[in-house]
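Chain letters run A, B, ... following the sequence lines, proteins first and then strands; every chain starts at 1.
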Amino acid sequence: MTYKIAIASGKGGTGKTTVSLNLFYTLQKQLDQKIQLVDCDVEEPNINLFTKGELHSVSDVNIKIPVIDSDKCVYCGDCASACAYNAILFVKSISHIAVLEDLCHGCGACTYVCNQPDVIVEKDKKLGEVNVYSLENGNELVEGKIEIGSAIAVPVIGKTLKSTDENALRIIDAPPGTSCPVMETIKDVDYTILVTEPTPFGLNDLKLMVETMRKMKGKFGVVINRAGLGNLAIYDYLKEEKIELLMEIPFDKNLARIYSEGKIMVDEVPAIYEKYVKLFDKVKLNLDEANSYS
Amino acid sequence: MKQIVIVSGKGGTGKTSITSAFASIAQNKILVDCDVDAADLFLITQPTILESHEYEGGKIAVLDPEVCTNCGICEELCRFDAISLVDGQTTISEFSCDGCKLCEIACPVDAIKMVENMDSRWFESETRFGPMIHAKLGIGEDNSGKLVTKIRDIANKKAKEQEIETVLIDGPPGIGCPVISTLTGVDVALMVTEPTLSGMHDLNRLIELAKGFKLKSYVLINKYDLNPNISDEIEALCLKEELEVLAKVPFNRDFVDAMVNQKTVVEYAPESELSKMLTEVWNRLEKD
Ligand code: SF4
Ligand code: SF4
């Protein structure tokens with residue numbers, strides 16, 4: 001199996017990372033093949049806190065940003081008008097030009113339009129890194145991480161996904177929310193598990209996620225975490241929208257404690273392990289079905 | 001005027017529930033929901049929208065296949081891997097396009113136009129707690145940082161006009177672009193965390209980020225009794241970083257029950273220990 005399965009949630013803190021981890025450890029027990037855990041929550045990658053693997057490779061994620069030689073510049077301003085992000089500060093009257101590196105997306109438009117030779121050269125700027133850790137059984141954790149203070153996540157996610165092994169089954173922890181970083185993570189996956197909780201906040205965020213999934217035409221199902229808290233409105237919503245409920249995990253202080261300590265629930269509680277086995281059966285059914293059509 | 005923001009490195013720590021509790025307590029304030037990606041504050045404050053505005057979130061490139069000659073120049077130039085040949089036709093993926101307009105500039109036959117992406121909106125509203133500024137980010141849109149800056153500007157302007165003393169901001173989770181836009185220029189930040197390994201790790205990254213800003217930071221540990229040991233470690237971390245922990249709030253179902261009833265915890269259980277505790281925390285934030 002070489003499926004890519006993403007775990008996402010409209011808001012953070014619903015248990016997305018817990019589901020990714022527990023699914024991974026369940027499959028590690030069940031399957032005799034390479035599995036990769038992929039942490040695309042690049043602002044706050046946390047999986048390594050739980051898996052404690054051995055770091056075996058680090059690669060930087062860079063973009064190319066312009067350096068303008070103000071001695072050779074003729075102050076035409078073409079670069080500043082080409083920049084869609086206002087990253088070039090150009091004041092014609094006093095012949096001032098400067099690159100605002102924090103705003104630059106590294107698109108290359110300025111370098112492309114500048115028709116003076118050698119005025120703009122490009123240098124690397126580090127946005128983050130991709131770390132690969134070895135886990136048990138030849139499995140791996142591929143982790144993307146942005147530099148603190150860097151506002152650009154998408155290229156780090158892109159490189160993280162590109163660094164995964166095409167021949168492995170990949171369990172991908174997506175960033176929270178519904179904006180670009182999530183889309184970047186799930187645009188090429190085979191299936192997305194949406195994790196939510198049965199509260200008004202959880203329902204609202206789930207609706208946004210469902211909207212996103214439908215816009216992207218991705219296959220998905222829902223896991224309800226902390227079942228028993230809140231109210232039942234979410235179940236009505238799933239029924240109305242004909243969305244598959246894949247699994248429920250009850251709210252339980254004992255489970256909360258296991259998580260808080262960085263332990264893995266499927267190792268500690270057999271009933272939870274059973275739930276994850278069934279969860280994967282359902283996901284696999286969806287995937288195999290989709291595959292037999294194409 | 002004073003800007004106070006409630007943030008959390010990790011999502012799900014109770015940030016929005018705590019912000020809404022402060023909305024019940026604070027006098028003469030304007031509310032701003034900067035968690036534009038997953039805006040939830042409105043579920044409790046139930047705003048009446050007075051004005052709704054379109055927000056120009058940015059542009060994306062749209063290609064006209066009738067004009068395009070499939071020369072491949074744009075595909076070669078695009079650094080966001082947004083352009084590829086699909087069934088013999090050069091195609092731009094709306095999900096990958098970053099909106100840089102290099103392809104529009106480079107296309108020799110003008111087959112590409114930048115088109116405004118108008119999916120996002122922002123709102124000026126009235127609530128039982130006073131005015132509120134909030135937004136809805138279009139699905140899969142970038143620029144959430146810019147939208148945050150926009151609604152904060154509007155809120156600050158309103159506060160000045162109406163002599164409002166406090167701008168109370170519900171911040172986004174994480175440490176990325178929208179958080180940076182949220183922290184810029186605020187006076188006081190309350191970081192809400194929880195005693196889990198992830199909570200502690202994310203708080204650490206948030207503290208590092210906040211060092212780059214001129215603001216006074218405090219910490220609140222929510223659900224501290226779920227793991228008192230980790231809670232102690234968070235306190236030790238805060239001590240080391242010279243951050244005051246203003247409160248350790250025990251796990252309390254009232255937060256969820258209040259939410260289900262569209263109330264703040266202070267409205268739902270005004271005499272509770274929890275409400276008293278949060279009132280004390282707010283008094284500290286306001287005083288500073
Ligand atoms: S590389 Fe792109 S984003 Fe950066 S300064 Fe040049 S035009 Fe602007
Ligand atoms: S396009 Fe080149 S010459 Fe013109 S202002 Fe920019 S750097 Fe200077």
Side-chain angles (χ1 to χ4, degrees), chain A residues 9-15 17 41-44 46 49-50 63-64 82-85 105-109 112-113 146 148-155 158 175-184 187 197 199-201 204-205 208 211-212 215-216 229-231 253 256-257 259-262, chain B residues 8-13 16 35 37-40 43-44 58-59 77 79-81 93 95-96 98-102 105-106 114 137 139-142 144-145 172-177 179-181 194-199 201-202 205 208-209 212 223 226-227 229-230 251 253 256 259-260 262:
Chain A
S9 72
K11 90 195 244 290
T14 56
T17 302
D41 192 353
V42 298
E43 283 182 37
E44 310 277 16
N46 279 339
L49 297 175
F50 297 86
I63 51 168
K64 295 228 175 290
C83 179
Y85 312 99
H105 286 215
C107 72
Y112 180 82
V113 298
I146 61 165
I148 289 173
S150 167
I152 304 176
V154 168
T178 54
S179 65
C180 274
V182 187
M183 308 277 267
E184 179 72 15
K187 67 180 187 206
E197 52 183 33
T199 63
F201 287 1
N204 182 50
D205 299 328
L208 294 174
E211 230 184 285
T212 309
K215 186 168 171 185
M216 303 189 72
L229 273 187
N231 58 8
K253 276 201 173 182
R257 190 189 43 78
Y259 166 76
S260 73
E261 288 167 355
Chain B
S8 68
K10 181 176 179 301
T13 57
T16 302
D35 192 354
D37 204 356
D40 283 332
L43 290 168
I44 292 180
K59 297 183 175 177
L77 285 171
R79 294 188 181 177
F80 303 97
D81 289 335
S93 153
F95 304 124
S96 302
D98 199 67
C100 76
K101 77 186 182 192
L102 175 53
I105 295 171
M114 299 306 292
L137 188 72
I139 298 291
E141 269 194 44
D142 201 356
S144 51
I175 58 161
C177 166
V179 183
I180 293 170
S181 303
E194 60 175 31
T196 60
L197 260 188
S198 315
H201 180 257
D202 294 350
R205 275 171 75 85
E208 280 310 309
L209 177 74
K223 314 174 222 180
L226 283 184
N227 195 320
N229 294 337
I230 297 182
F251 174 81
R253 266 182 188 258
V256 175
M259 190 200 295
V260 168
Q262 300 178 354

Looking at [atom1] of [X] and [atom2] of [Y], how far apart are the two atoms once the value is rounded to the nearest 0.5 Å?
X	Y	atom1	atom2	answer
D98(B)	H105(A)	CG	NE2	5.5 Å
C100(B)	Y85(A)	SG	OH	5.0 Å
T199(A)	L229(A)	OG1	CG	8.0 Å
M216(A)	M183(A)	CE	CE	4.5 Å

Of the backbone (N, CA, C, O) and the side chain (C-beta and beyond), which part of [X] lies under 4.5 Å from a heavy atom of chain A, both, or neither?
X	result
I230(B)	side chain
N229(B)	neither
I180(B)	side chain
S198(B)	both
L43(B)	side chain

Using a 4.5 angstrom heavy-atom cutoff, name the option from [options] with the most pairs to chain A.
options	result
G212(B), P173(B), G99(B)	G99(B)
D40(B), V179(B), T13(B), V260(B)	D40(B)
A106(B), S96(B), A39(B)	A106(B)

Restricting to ring pair (Phe, Tyr, Trp, His ring centres under 6.0 Å), what partner residues turn up for F251(B), sequence neighbours left out?
F251(A)
Under the rule for ring pair (Phe, Tyr, Trp, His ring centres under 6.0 Å), what residues qualify as partners of F50(A), not counting sequence neighbours?
Y259(A)
Is it the case that the side chain of S260(A) and the backbone of T196(B) share a donor-acceptor pair, with hydrogens and angles ignored and the cut-off at 3.5 Å?
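Pair absent, no side-chain N/O of S260(A) close to backbone of T196(B).
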Between [X] and chain B, with a heavy-atom cut-off of 4.5 Å, which part of the residue counts as in contact: side chain, backbone, both or neither?
X	result
P176(A)	backbone
E261(A)	both
A153(A)	neither

If I compare all heavy atoms of A82(A) with all of V113(A), which pair ends up nearest, and what's the gap?
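For A82(A) versus V113(A), the nearest heavy atoms are CB-CG2, 3.8 Å.
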When heavy-atom pairs shorter than 4.5 Å are enumerated against chain B, which of P200(A), A109(A), G262(A) gives the highest number?
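Heavy-atom pairs under 4.5 Å are most numerous for P200(A).
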